[in-house]
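Take a look at the structure below.
Sequential numbering from 1 along the given sequence is applied to the chain's residues. Start at 1 and go down the list; that is how both ligands and their atoms are numbered. Note that this is a predicted model, so its numbers are computed, not measured.
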Amino acid sequence: MDFIRSVALINTENLKKNVENLYKFSNKKIFAVVKADAYGHDACIVSKTLSSLDIVEGFCVATGYEGYLLREAGITKPIIVLGGILKQELELFNRYSLTPVISDFSHFEVAQKLEHKKIHIKFDTGMRRLGFYQSDIEKLKEKIKDFEVEGILSHFPSADTDPDYTKSQIEEFKEIVKMLDVNPKYIHIQNSAGVVYDCPFCNTIRLGIAIYGEKPTQDYPVSLYPVMTVLSKVISVKSVKKGDRISYCGTFKADRDMKVAVVSFGYADGLPRSLSNKGYVLINGKYCKIVGNITMDMTIVDVSDLDTVNVGDDVVIVGKLQDKEIKFSDIAKISGTIAYEIMCGISKRVIRKEVK
Ligand SMILES: *Cc1c(COP(=O)(O)O)cnc(C)c1O
């Protein structure tokens with residue numbers, strides 16, 4: 001693997017510590033959310049690691065195909081497919097024993113042909129994306145007769161920003177669970193940001209971002225450790241003259257003679273182009289500003305202040321180096337998005353490698 005330029009090191013010890021800390025805090029069964037290749041962390045590595053923990057009940061994915069990939073990787077714990085079940089996925093659900101989240105009456109027609117008959121029913125208590133309404137309950141009671149309702153769930157859109165809205169969702173969900181009256185094995189509404197809310201009638205939580213070490217809120221009460229470190233390499237070091245324009249479109253003009261390094265990491269690797277002239281990386285213990293437009297495969301950074309920098313030196317794109325750190329949330333903030341998008345945007349070219 002030494003020939004790989006850009007790697008994403010996945011620290012599975014930290015992953016386990018995060019899950020354990022979240023369990024200690026919430027005391028509820030955990031479904032680890034591993035959709036989108038485990039938020040870019042490699043669903044295989046993450047699921048295998050977490051399968052060994054008793055406190056992890058199973059996994060959530062977005063599509064049947066993602067569930068199939070987990071089974072192919074040897075995962076035997078329950079897999080819930082959050083995105084429902086489509087006709088063309090039926091065979092996957094049957095062959096690989098995947099459990100659909102039913103959130104639309106049309107899903108029932110497909111689910112009729114499910115051999116295991118296990119389903120989760122989703123209610124919309126405020127997200128306005130997937131889920132039934134409270135007013136659907138009578139009709140639902142008819143439909144679910146042929147099934148084993150293993151779970152009832154809902155989802156928070158603003159657990160990180162709007163406690164009142166979130167609390168009213170919990171109240172509505174509580175009412176729904178009572179009205180549906182099926183006594184399922186799993187009742188779940190809380191995501192990472194949601195675990196701080198009191199929800200005693202729920203026995204299960206669905207955790208994504210927090211298990212990967214990013215706090216969903218500033219004052220999040222659970223200790224978390226970073227899981228992914230993204231590293232690349234310096235591939236050229238050169239000087240530019242005062243007045244030179246750097247990279248495509250010449251958006252950066254040197255106001256002095258400078259030393260720059262070219263890093264083998266571009267927007268095709270997942271560094272958003274919107275970080276051009278704004279973001280930074282870490283080289284040999286120092287922050288180095290990105291100068292000029294980020295290109296597909298390379299990024300140019302200012303290394304004028306570095307005493308030594310050589311071709312082949314490590315570059316930290318995301319992660320910690322001694323006392324300095326670049327977090328996904330730091331990158332997200334500068335590029336005007338959220339940590340989730342940066343995480344799952346680290347591309348396939350960046351090879352994932354487990355470290356313990
Ligand atoms: C992605 C997702 C989660 C996980 O959310 P985090 O904020 O990452 O914890 C939970 N539930 C549903 C329905 C999701 O789509």
Ring centres under 6.0 angstrom apart (Tyr165, Phe156)
no

In terms of ring plane angle, is the pair Tyr186 and Phe31 parallel, tilted or perpendicular, where the classes change at 30° and 60°?
perpendicular

Which residues pass the salt bridge (Lys or Arg N to Asp or Glu O under 4.0 Å) test with Glu148, not counting sequence neighbours?
none

Tell me, which residues have any heavy atom less than 4.0 Å from some atom of ligand 1?
Val33, Lys35, Tyr39, Leu82, Lys122, Arg129, His155, Asn191, Ser192, Arg206, Leu207, Gly208, Ile209, Tyr340

Pick out which of Val7, Leu282, Val318 makes a side-chain contact (heavy atoms from CB on, under 4.5 Å) with Leu231.
Val7

Donor-acceptor contact below 3.5 Å, side chain Lys286 vs main chain Leu306:
no

Tell me whether the guanidinium CZ or amine NZ of Lys289 lies under 6.0 angstrom from the six-membered ring centre of Tyr280 and within 45° of its axis.
no

